[in-house]
Amino acid sequence: MKRIVSNHKMNLTKEEVKAYEEEIRNYQTQKCELIFCPSFPYLSYFEGKNYSLGSQNVASSKMGALTGEVSIEQLKSMNVKYIIIGHSERRNLLKETKEEIRIKVGLCLEYGITPILCIGEKEEEQNRKEEILKDEIDSVLKENSITNILIAYEPIWAIGTGKIPTAKEIDETLSWIKNYIRDNYHCSCETLYGGSINDQNIQMLNEIPSIDGYLIGGASLDVEKLKKIIDVVEG
Ligand code: PGA
């Protein structure tokens, strides 16, 4: 079962997101799990449907006086099953630290929500990619005993740029991640790819053996494009 994660980021107005949800609500899938991660105000529009609900973030504290934040308990009570953690936009633009990411992954595991941990190198870091990925994995997993985690490999230079690594590069990197986690943390993990996925390149991506799913930003905002992507993954 492959997973298709639709990350809406900070997009869509109330009317747009309602129309979007109505369009996709009854789209049947057999071979993949659809996971929608809308902006916080719209979580309830996606609750209790055929597909799964995900969140784009969570606070690093459990509950209490933290204006503007959304807690793990609140997300759990909304039936959120997945939380994207450590997205590069949060790491780089919003200055989220490795320590916050580690705590957030720990909260997910404590509350039985699956973290989708995003890792990836910047353009200028491509020649030391494994070192970057290793550091992003170790800083989170060393202190957490993992039971259930999805790792989303998203090269930062591929996010929203239209640029994408070759199939061979993606396969090698995802295989490296799986092996690294198996050898060092004695557990298996699913690996997603993210970065400029669209209805044109999904066929190529879908042939990569180590891909367990997709984290899609821009293309997932267009229901017709998303349906084409789903159709390819469904086969
Ligand atoms: P993109 O975003 O598909 O627009 O490149 C992916 C992501 O940031 O998760």
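Being a predicted model, the structure only gives us computed values, none of them experimental. Counting from 1, the numbers follow the sequence of the chain as shown. We count ligands from 1, going down the list as the structure has it; atoms in each ligand are counted the same way.
Of the protein's heavy atoms, Lys9 NZ, 3.3 Å lies nearest to atom 2 (O) of ligand 1. From the protein, the heavy atom lying nearest to atom 9 (O) of ligand 1 is Glu154 OE2, 2.7 Å. At the top of the distance list for atom 3 (O) of ligand 1, counting protein heavy atoms only, stands Gly217 N, 2.9 Å. Taking atom 4 (O) of ligand 1 as the reference point, the nearest protein heavy-atom neighbour is Gly218 N, 2.8 Å.
The distance criterion of under 3.5 Å between nitrogen or oxygen atoms is not met by Ile216 with respect to ligand 1. The shortest N or O to N or O distance between Leu215 and ligand 1 is not below 3.5 Å. In terms of N/O distances under 3.5 Å, ligand 1 is not approached by Gly194.
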One pair to check against side chain to side chain donor-acceptor pair (under 3.5 Å): Tyr82 and Glu33. What are the steps and the verdict?
CA-CA 12 Å; Tyr82 298 88; Glu33 180 187 14; 2.7 Å; yes

Applying ring pair (Phe, Tyr, Trp, His ring centres under 6.0 Å) to Tyr20 and His8, what does each step give before you reach the verdict?
CA-CA 11 Å; Tyr20 178 104; His8 290 183; 4.7 Å; yes

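In this structure the side chain of Asn201 reaches within 4.5 angstrom of the side chain of Asn198, judged on heavy atoms.
Within 6.0 Å of atom NZ in Lys225, 12 or fewer heavy atoms from other residues, nucleotides or ligands are found, so the atom counts as exposed in its surroundings.
Side-chain contact of Lys134 with Asn184: a donor-acceptor pair under 3.5 Å is absent, judged by distance alone.
Taking every non-hydrogen atom of His87 and a distance limit under 4.0 Å, the qualifying atoms of ligand 1 come out as 7 (C), 8 (O), 9 (O). When each atom of ligand 1 is checked for a heavy atom of Ser196 under 4.0 Å away, the hits are 1 (P), 3 (O), 5 (O).
Proximity of Asn7 to ligand 1, defined as any heavy-atom pair under 4.0 Å, is confined to the side chain (atoms from C-beta onward).
One hydrophobic cluster, built from ILVMFWY side chains closer than 4.5 Å, holds both Leu141 and Leu174.
For the ligand labelled ligand 1, residue Ala219 lies outside the 4.0 Å heavy-atom shell. Residue Gly195 places a heavy atom under 4.0 Å from ligand 1.
Remark: Lys18 qualifies as a cation-pi partner of Tyr45 under the 6.0 Å distance and 45° angle criteria applied to the six-membered ring.
Of the charged side-chain nitrogens involved, at least one lies within less than 4.0 Å of a carboxylate oxygen, so that Lys62 and Glu110 count as a salt-bridged pair.
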